[in-house]
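Everything on this sheet refers to the single structure shown next.
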Amino acid sequence: MAGATEVPRRRTPQHSRARQLWPEWHNAVVELANGRINVAQRRVFEADGFELVHRYGRPYLYRQRDVDLVWDGLTDDSKIAFERMHPFGLRIIATGDVSFTDLPMDKIRRLAFKYSLLIFRGFERTSKPVYTEKVRELGPIQSWVFGEVLEVKDNPEMDMNNVLTREAMPMHFDGTFKTKRSEDGRLMPDPPTFQIFECIQAPGGADGGRTLFTNTHMLLQQGVNHALLEKMKLLDWSVFTPQNKNFGGEPLKIPLVHRHEATGHDVLRWHEDWPQRITTFKPTSVRINGVDAVESDRISELLTKLLYDRRFVYEHTWTTGDYLIADNIELMHTRTAFSPCTRELWRIHAN
Ligand SMILES: O=C(O)CCC(=O)C(=O)O
Ligand SMILES: [Fe+2]
């Protein structure tokens with residue numbers, strides 16, 4: 001039996017010995033401090049270190065206590081509610097008067113690594129300079145040709161492939177084409193650790209323009225078998241997009257699987273192939289190296305399918321005033337197309 005504060009781990013229901021003894025409905029759900037979820041018998045959680053969370057006036061689940069979820073003057077005054085999202089992420093709701101500038105960014109940084117995605121709703125807004133300075137507390141800001149803040153809205157003159165348009169985008173991580181030279185002289189992507197967004201104007205409900213985030217660590221753990229994962233660890237891929245005003249013009253060779261330094265997880269580095277026939281703007285071509293064209297297409301198609309698999313994807317519908325922090329190393333993201341409307345996000349990259 002597990003120790004008092006040690007929660008039994010299980011990978012799938014089939015692997016669970018506990019499940020054979022105790023059907024699922026005899027168990028309680030627990031949210032673990034590492035961002036994961038598990039089930040076990042209630043007495044395991046009635047020890048110190050876990051708290052019972054109520055929702056809709058009823059006992060809802062247990063949550064492992066985590067100092068990163070204790071915020072001076074905020075959580076003790078019930079000004080904040082936390083809701084774990086599915087399949088990953090943490091929603092942080094301001095239930096009292098709280099501004100984005102009140103957030104403890106050292107704790108937020110650790111939570112962003114544990115949950116990969118943090119969504120803040122109901123917080124008081126600030127000005128652009130104050131927002132930028134607050135984000136700087138999370139980590140050093142990564143500047144681009146256009147400065148520290150990108151106004152993500154329909155603005156094709158900015159010439160950033162189709163990022164600043166109403167088109168759907170390929171699944172990607174930010175900074176694929178932001179390069180640095182590695183020690184052996186190879187050009188490598190140098191992606192920012194975090195993307196931070198403020199939603200200045202959400203599109204209307206029927207306009208589209210949702211942002212999808214895919215957890216690539218979960219994808220590698222649950223979506224590919226062991227043999228393929230081992231093969232993928234040895235493969236690299238080539239990607240090219242023509243030079244625009246902000247990036248591109250250099251062919252890159254990138255390993256498919258990468259180790260996330262902060263979480264220790266294996267993560268996927270990939271860019272969905274985006275040929276000219278599906279975009280009015282500059283295309284991006286992708287090819288897996290060291291295998292023939294048929295095998296490259298096969299792996300490519302499998303990855304695309306998995307990147308949109310609902311087991312690993314959280315789809316965000318924006319509300320004006322939302323703030324969002326995504327771990328850009330662990331996650332990949334894309335956006336659905338939107339109809340003519342005002343949709344504006346302010347994006348900052350931080351390390
Ligand atoms: O418009 C969006 O939802 C996201 C666009 C994008 O990929 C980005 O800003 O990095
Ligand atoms: Fe992006």
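Just so it is clear, the values below take in all heavy atoms, side chains as well, and ignore hydrogens, waters and symmetry mates.
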For Thr336 and Gly209, indicate whether the former's side chain and the latter's backbone hold a donor-acceptor pair under 3.5 Å.
-> yes
Check Arg310, Arg311, Met218 against Pro87 for a side chain to side chain contact (heavy atoms under 4.5 Å, CB included) and give me the one that passes.
-> Met218
Would a 4.5 Å heavy-atom cut-off, applied to side chains only, mark Arg84 and Leu61 as touching?
-> no
Flag yes if more than 12 heavy atoms outside Asp292 fall under 6.0 Å of its CG atom; otherwise flag no.
-> yes
Compare every heavy atom of Arg109 with every heavy atom of Gly139, then report the nearest pair and how far apart it is.
-> CA-NH1, 4.0 Å
Which is it for Thr176 and Phe247 under the side chain to side chain contact (heavy atoms under 4.5 Å, CB included) test, yes or no, and what are the steps along the way?
-> CA-CA 9 Å; Thr176 308; Phe247 57 76; over 6 Å; no
Hey, does Pro340 have a side-chain heavy atom less than 4.5 Å from the side chain of Arg166?
-> yes
Verify side chain to side chain contact (heavy atoms under 4.5 Å, CB included) between Trp270 and Leu307, making sure each step is shown before the conclusion.
-> CA-CA 10 Å; Trp270 181 243; Leu307 282 164; 3.5 Å; yes
Mind checking whether Val70 and Val53 sit in one hydrophobic cluster, side chains of I, L, V, M, F, W, Y counted as touching below 4.5 Å?
-> no
If you measure from CZ on Arg335 to OG1 on Thr211, what distance do you get to the nearest 0.5 Å?
-> 7.5 Å
Can you find a heavy atom in the side chain of Val135 that is under 4.5 Å from one in the side chain of Val149?
-> no
Indicate the atoms forming the closest heavy-atom contact of Pro255 with Met188, along with that distance.
-> CD-CE, 3.9 Å
According to a 4.5 Å side-chain heavy-atom criterion applied to Ile, Leu, Val, Met, Phe, Trp and Tyr, with indirect links allowed, do Phe177 and Phe146 form part of one hydrophobic cluster?
-> yes
Minimal non-hydrogen separation, Ala326 against Leu331, with atom names = CB-CD1, 4.2 Å
Looking just at side-chain N and O atoms, do Asp236 and Asn289 make a donor-acceptor pair shorter than 3.5 Å?
-> yes
Pair Lys128 + Glu151, salt bridge at N-O below 4.0 Å = yes
Phe100-Phe194 co-clustered via ILVMFWY side chain contacts under 4.5 Å = yes
How about Ile329 and Arg269: do any of their side-chain heavy atoms sit closer than 4.5 Å?
-> yes
Counting only N and O atoms by type, is there a donor-acceptor contact under 3.5 Å from the side chain of Thr334 to the main-chain atoms of Met169?
-> yes
Is any side-chain heavy atom of Thr263 closer than 4.5 Å to a side-chain heavy atom of His217?
-> no
Would a 4.5 Å heavy-atom cut-off, applied to side chains only, mark Leu252 and His271 as touching?
-> no
If only atom types and distance count, is the side chain of Asn351 paired as donor or acceptor with the main-chain N or O of Gln142 below 3.5 Å?
-> no
What do the steps show when you test Leu150 against Trp144 for side chain to side chain contact (heavy atoms under 4.5 Å, CB included), and what is the final call?
-> CA-CA 9 Å; Leu150 178 68; Trp144 289 87; over 6 Å; no
Could you give me the CA-CA distance, side-chain angles and deciding distance for Leu256 and Leu303, then say whether side chain to side chain contact (heavy atoms under 4.5 Å, CB included) is met?
-> CA-CA 11 Å; Leu256 205 44; Leu303 291 179; 4.2 Å; yes
Nearest heavy-atom pair of Asn162 and Phe281: which atoms, and what distance?
-> CB-CD1, 3.9 Å
Going by heavy atoms in the side chains, are Ile348 and Tyr131 under 4.5 Å from each other?
-> yes
Do the side chain of Asp159 and the main chain of Lys245 share a donor and acceptor less than 3.5 angstrom apart?
-> yes
Sidechain N-carboxylate O distance under 4.0 Å for Lys233, Glu230 = yes
With distance as the sole criterion, is a donor-acceptor pair present between the side chains of Glu344 and Trp346 under 3.5 Å?
-> yes
Donor on one side chain, acceptor on other, His316 and Asp322, under 3.5 Å | yes
Could you grab the distance from atom CG of Leu306 to atom OG1 of Thr214, nearest 0.5 Å is fine?
-> 10.0 Å
Look at the side-chain heavy atoms of Ile, Leu, Val, Met, Phe, Trp and Tyr, link any pair under 4.5 Å apart, and say whether Leu117 and Tyr323 land in one connected group.
-> no
Reported CD1-to-CG distance for the pair Ile92 and Leu118, which is rounded to 0.5 angstrom = 4.5 Å
Check for a donor-acceptor pair, side chain of Lys153 on one end and backbone N or O of Thr342 on the other, with a separation under 3.5 Å.
-> no
Which atom names give the shortest non-hydrogen contact between Gly249 and Phe240, and what distance separates them?
-> C-CE1, 3.6 Å
Flag if over 12 foreign heavy atoms under 6.0 Å of CG, Asp97 | no
Please report the C-alpha distance between Lys114 and Asp68 in whole Å, then the side-chain angles of each, then the deciding distance to 0.1 Å, and finally whether the salt bridge (charged side-chain N to carboxylate O under 4.0 Å, His left out) criterion is met.
-> CA-CA 10 Å; Lys114 289 179 202 174; Asp68 290 335; 2.8 Å; yes
Has His54 got more than 12 heavy atoms of other residues, nucleotides or ligands less than 6.0 Å from its NE2?
-> yes
Glu31 side, atom CD; Gln64 side, atom CD - distance, nearest 0.5 Å | 11.0 Å
Kindly indicate whether the side chain of Asn328, heavy atoms from C-beta on, has any atom under 4.5 Å from the side chain of His349.
-> no
Please check if the side chain of Thr216 supplies one atom and the backbone of Glu330 the other of a donor-acceptor pair under 3.5 Å.
-> yes
Over 12 non-hydrogen atoms of neighbours within 6.0 angstrom of CZ in Arg42 = no
SB check Lys134 Glu198 (cutoff 4.0 Å) | no
Return yes if a side-chain donor-acceptor contact under 3.5 Å exists between Asp273 and Ser300, otherwise no.
-> no
Say you draw a straight line from CZ of Arg210 to OH of Tyr314; how long is it, rounded to the nearest 0.5 Å?
-> 11.0 Å
Within the side chain of Asp297, is there an N or O that forms a donor-acceptor pair under 3.5 Å with the backbone of Val294?
-> no
Nearest 0.5 Å, what's the CZ-CZ distance between Arg65 and Arg63?
-> 11.0 Å
Check: Lys79 main-chain N/O paired with Asp77 side-chain donor or acceptor under 3.5 Å | no
Can you tell which of Trp71, Tyr115, Phe120 makes a ring-ring contact (aromatic ring centres under 6.0 Å, His included) with Phe82?
-> Trp71
Indicate the atoms forming the closest heavy-atom contact of Phe113 with His260, along with that distance.
-> CE2-CE1, 3.7 Å
Cluster check Tyr60, Met85: I/L/V/M/F/W/Y, side chain < 4.5 angstrom = no
Is a side-chain N or O of Glu167 found less than 3.5 angstrom from the main chain of Thr280, in a donor-acceptor match?
-> yes
Examine Tyr62 together with Phe50 and report whether their ring centres are nearer than 6.0 Å.
-> no
Taking Arg343 for the side chain and Cys199 for the main chain, is one N or O donor matched with an acceptor at less than 3.5 Å?
-> no
